[in-house]
2 protein chains.
Amino acid sequence: MGDPTTETTTDPETASENYPPDVFSRACTSRVVLQHISGRWGALTLSALRDEPLRFNALRRRIDGISEKMLSQTLQALERDGFVVREVQATIPPRVEYSLTPLGTTVAGRLWELIGLLESSMDQVSAAQQAYDAR
Amino acid sequence: MGDPTTETTTDPETASENYPPDVFSRACTSRVVLQHISGRWGALTLSALRDEPLRFNALRRRIDGISEKMLSQTLQALERDGFVVREVQATIPPRVEYSLTPLGTTVAGRLWELIGLLESSMDQVSAAQQAYDAR
DNA sequence: CTGTATCCTCTCTGATACTG
DNA sequence: CAGTATCAGAGAGGATACAG
């Protein structure tokens, strides 16, 4: 990666310059962001913040199985991307609240729809998996 | 986890009534599937198949930067989950076509919406990133 | 309470080579 | 054309310890 010569490749066969955005291009910056919001922890973190702002350890309890390190890392990425706001209250003990930005709320909504769709399809998916494994 | 002081938690044993599904639970099987469809290559692969069935190398060209191995692996996972159909035509040279199942089509649609939303928000995201890095 | 730092493991990923 | 096999490096992820 990081090859400076590879700009948008001129696809010889798929003469589809008319395609929406070039999300399929290696250089597409949104790929990284997509990873942040849809990665193993990103989607769950954004979804967890959909209803209400939460503090660090509350988030940690909500997202079962996430480690401190990953939660911290995930939140930093989401904050940098502008999906999450980190608000520090100067109290003792320190109190940090995480909430969604308007953009984050929109994204989290879509994500939640996707998760809901997946959840309601898990029967189908499980059946497909069993059928596949039976072969 | 079993913290009695946690906010308005539902009863641990009967937690499958009020809240949608417990996607936040470590044991939730849909987490893995979510990884497949939203992982680095899954989302792009499903999106690439939205318009039309494609063959292996056509997909490879379409999804810039994916290796043979990763494409193969991604397609296998998506097929096992029941999102993608693999159809082998007994010709010479071999011709294998990948297409979406109805479920796959639905999921890919949601995914595409999410990607579209992200694409149209990249200005905001980039600005947020620069602001973040400036600190 | 809210994290960061460190170490260590394991998976993911890509390049290469090879099969049918 | 459509993959599989193998190997090595990069990065994700977790446990623990420690800091503000």
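Letters A, B, ... mirror the listed sequences (proteins, then strands); counts begin at 1. These numbers were taken from a predicted model, which means no experiment stands behind them.
Every residue two or more places apart in sequence or in another chain that forms a salt bridge (charged side-chain N to carboxylate O under 4.0 Å, His left out) with B/D133 is listed here: A/R80. Residues passing the side chain to side chain donor-acceptor pair (under 3.5 Å) test with A/R86, sequence neighbours excluded: A/Y98.
Summarising the geometry, the separation between CG on B/L59 and P on D/dC1 is reported as 13 Å, rounded to the nearest angstrom. Rounded to whole angstrom, the span from the CD1 atom of A/I66 across to the C1' atom of D/dA12 amounts to 12 Å. If you take CD of A/E87 and P of C/dG3, they are 12 Å apart, rounded to a whole angstrom. In this structure, A/I92 atom CD1 and D/dA19 atom P are separated by 19 Å, rounded to whole Å. One atom, CG of B/L44, and another, P of C/dT13, lie 12 Å apart when rounded to the nearest Å.
For B/N57, the listed nucleotide lying nearest its side chain is D/dC1; candidates were C/dG3, D/dG20, D/dC1. Here D/dG3 is the nucleotide among D/dG3, C/dC1, C/dT13 with the atom lying nearest to any side-chain atom of B/Y98.
When the local axes at the two ends of the helix from C/dC1-D/dG20 to C/dG20-D/dC1 are compared, using 5 base pairs at each end, they differ in direction by 50° after rounding to 10°.
The salt bridge (Lys or Arg N to Asp or Glu O under 4.0 Å) analysis of residues 97-106 of chain A, with sequence neighbours excluded, yields no pairs.
Within a heavy-atom distance below 4.0 Å of DNA chain D, no residue of residues 27-36 of chain B is found. At a non-hydrogen distance threshold of 4.0 Å, A/E68, A/K69, A/S72, A/Q76 from residues 67-81 of chain A come into contact with DNA chain C.
If you take CG on B/N57 and CD on B/E68, they are separated by 7.0 Å, rounding to the nearest 0.5 Å. Taken from CD1 in A/I66 to CZ in A/R40, the straight-line distance is 9.0 Å, to the nearest 0.5 Å.
B/G82 approaches B/T101 most closely through the heavy-atom pair O-OG1, 2.8 Å. Closest of all the heavy-atom pairs between A/A108 and A/L46 is CB-O, 3.8 Å. The two atoms that bring A/M122 and B/T29 nearest to each other are CE-OG1, 3.4 Å, heavy atoms only.
Contact check for B/T74 versus B/L44: no side-chain heavy atoms found under the 4.5 Å cut-off. At least one side-chain heavy atom of A/L54 sits less than 4.5 Å from a side-chain heavy atom of A/E52.
Side-chain nitrogen and oxygen atoms of B/R55 include none within less than 4.0 Å of the OP1 or OP2 phosphate oxygen of D/dC1. Close to C/dG14, at under 4.0 Å from its OP1 or OP2, lies a side-chain N or O of B/R40. Listed pair A/R86 / C/dG3 meets the phosphate criterion, a side-chain N or O lying under 4.0 Å from OP1 or OP2.
No continuous path of ILVMFWY side-chain contacts below 4.5 Å connects A/V85 to A/W41, so the two sit in separate hydrophobic clusters.
Between A/R95 and B/W41, the one whose closest nucleotide on DNA chain C sits nearer the 5' end is A/R95.
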